[in-house]
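Before any comments, here is the structure.
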Amino acid sequence: MTAVQDAPPKKEPGRAAISERVKGERRLGLYLTLPSYVVMLLVTAYPLGYALVLSLYNFRLTDPDGRSFVGLGNYLVILTDPVWWNDFVTTFAITVVTVAIELVLGFWFAFVMLRIVRVRGPLRTAILIPYGIVTVVSAFIFRYAFAIDSGFVNQWLKLTEFDWFGDRWSAIFVICLSEIWKTTPFISLLLLAGLVQVPEDMQEAAKVDGATAWQRLWKITLPNMKAAIMVALLFRTLDAWRIFDNPYVMTAGANNTETISFLAYRQNVTLVNLGMGSAVSVLLFISVVAIAWIFIKVFKTDLSQVRGDQ
Amino acid sequence: MKRIQFARGRRPRAIGLASVPLIAASLLSGCGSEGGHPTLTWYILPDNGGSVARAEQCAQASNGAYQVRIESLPSTATAQREQMVRRLAAGDSSIDLVSMDVVFTAEFANANFLRPYTAEETSRLTAGMLPAPIETGMWEDTLYGAPYKSNAQLLWYRKSAAAAAGVDPASPTFTWDEMLKAAVGQNKKIAVQAQRYEGYTVLINALVLSGGGALLEDVEAGRNAKPSLTTPPGEKAAEIVGNLGRSSAAPTDLSNASEEQARANFQSDQGMFMVNWPYVLAAARSAAEEGTLAQEVVDDIGWARYPRVSPDRPSAPPLGGANLGVGAYTKHPDLAVALVECINAEPKATQYMLDESEPSPYSASYDDPKIRETYENADLIRESIGDGGPRPPTPFYTDISGAIQQTWHPPASVNAETPERTDQFMADVLAGRRLL
């Protein structure tokens, strides 16, 4: 065994000068991708900039003459408002619960999909079917299943008069259930991609050395999958933080089950209170960026350096 | 690194080939002309084909002056408004006619989304109509929405259960408190709409108006209107809603109940009372024909005027309905007004009432023999519409309604402090100091 494992290969000193042709190819590459850069910038930067500007005003679309500049007043109102913090708590609860359960379940499914030999094809398809269903449809499925008058869950559990959607935490429970059912396959796919990358020889060597399955999992498999786990976790956390369709279909935000995205929607689209709604959207954006930044710092994984042998 | 072959000669031709579809597309789009009959687009509230029938008759009667294209809006008032607000705010010239629920006519009028009807057009379009529906289409003494259909809630009760309890809901002094006592005594339910949506505001507004109060004072002040729930009528309304929500007469899904859930609850064996729109009778009859509802239940249904809050003051039945407005950016305003006049003709409104169970805004419709045959309660409906209590016609209605829904939901949480909290919250929301 070498003293340093998986060290990236040293660059040879004195690289050859870049030829004119290579320069030309790079320039061509830039020109070819420039239109899409411009379009992407327009499509994302312009609305973002417009939202930032709008958030500085007190502006209702149906009262255009009443528009007035309030500076950061909207942000102050939002950050001291119980509605915002209520929604924050709801969103946080949903995010933490769904991501944690999905990670564990998804890992289990990924493991099963990897190890099973006999019915691999049908099993993988069966696991992936919930992900293929449109989220709104899945929300309706769970809504009708848990409905008090026509749903079957109350019958199964012999609860005749329990309104799942009448109380905050039971409604959040159903929302989380629908989310988990729908997106665990996605996580399991991402984790499967990471699992197949774990070198088999390390596992063999550890088995020979007498490591238990649990030790192998924690010491070999998971560290080698760090990048895949981070990708899966980051995607799912960002998605769960911005959850909208499940609460919208199931409760329409009633009984304190509103999420931050739903608040932004209500302010912008239903109340056409563009100033306040844009401020909520900007705050949502900032929180999403903050989450991504925290993840990258905590995981300390540079995705471009993972495959150190290339 | 792979060598990338790039044949020099191919590049100009590739660009030439790529630009042909672009040029062709722009030529074709320039070709679409508007020669011939102009097409008026009418955004309708969904129904069972009655609006389409009215539009077809008018398009034919116009002898080719215009064609009518129908676009259907979502089924709830909130969703309809959501769809229209964005288009009208963007100055959509394809909106010629729009059916609006009565609550957001004032909002659209104030935002200059609608073309006002001239005084001459107003007198032509509203001749023979009951006064309350016409008021819902007015803003600052100008007509912006010609009443298309009207509506008023009635009290529905199960005759057998009422007889067992010994109450007469049709008596002129029947109050909410009496109703609650009767239902609790019989161990049955009172079905109201208490989901967190517009129907809940309808209920609360009716209770406040029936008590002699109002949700807002000086509605014309717009953003500076003063909420007035901290008054005896408002407090009485809070008492009624809170007592109902906490009593055993409240259905289990009360906080999630809209019109259909209320109807289902009323038709079950727990049902005793319900406040709902007049369509429920026709719906029950057709359900009995289909066999999904027992005929005894349909025969057991009785109706009366909306219950009073206090025995000495007549109730203010909730007023609903829809108005037809002409979009402010339409390219054919005169044709649109002609279409409105044709669609809103009294015979069509009467036929619509027969087909769709949506009450007509015309007083004469209720004397029509076919109407009287199908609707035994025709006079009661006309009286309820005539005495109807509208929701406040303010451009900030969505905020007002949202503030009320937020502070009064769920019904079991309403207590004596609720009116004051609502007033404070409503004032803050209107001024932009609080999030709704």
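Labels below follow one simple rule: chain letters A, B, ... track the order of the sequence lines, proteins then strands, and each chain is numbered from 1. All of these numbers come straight from a predicted model, not from anything done at the bench.
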Where is the tightest heavy-atom contact between Gly166(A) and Ser255(B), given as atom of each residue plus distance?
CA-OG, 4.5 Å
Pick from Asp253(B), Leu436(B), Val85(B): which one has the most heavy-atom pairs with chain A under 4.5 Å?
Leu436(B)
Among Arg196(B), Arg434(B), Gln405(B), Gln261(B), which residue forms the greatest number of heavy-atom pairs with chain A at distances under 4.5 Å?
Arg434(B)
Measure the [atom1]-[atom2] distance between [X] and [Y] for me, rounded to the nearest 0.5 Å.
| X | Y | atom1 | atom2 | answer |
| --- | --- | --- | --- | --- |
| Tyr397(B) | Thr62(A) | OH | OG1 | 14.5 Å |
| Glu107(B) | Asp63(A) | CD | CG | 9.5 Å |
| Arg433(B) | Asp81(A) | CZ | CG | 12.5 Å |
| Leu435(B) | Arg266(A) | CG | CZ | 8.0 Å |
| Gln195(B) | Phe165(A) | CD | CZ | 12.0 Å |

Considering only heavy atoms, which portion of Val269(A) lies under 4.5 Å from any heavy atom of chain B: side chain, backbone, both, or neither?
both
Where on Ile148(A) is there a heavy atom nearer than 4.5 Å to chain B: the side chain, the backbone, both, or neither?
side chain
Quick check: are there more than 12 heavy atoms from other residues, nucleotides or ligands sitting under 6.0 Å from [atom1] of [X]?
| X | atom1 | result |
| --- | --- | --- |
| Phe162(A) | CZ | yes |
| Phe244(A) | CZ | yes |
| Asn187(B) | CG | no |
| Phe152(A) | CZ | yes |
| Phe140(A) | CZ | yes |

Checking heavy atoms, do the side chain of [X], its backbone, both or neither come under 4.5 Å from chain A?
| X | value |
| --- | --- |
| Thr398(B) | both |
| Tyr197(B) | neither |
| Gln406(B) | side chain |
| Phe108(B) | neither |
| Ala431(B) | backbone |

Using a 4.5 Å cut-off on heavy atoms from C-beta on, say whether the side chain of Arg81(B) contacts that of Val272(A).
yes
Residue from Leu271(A), Thr251(A), Leu76(A), Thr80(A) scoring the most non-hydrogen pairs under 4.5 Å with chain B is Leu271(A)
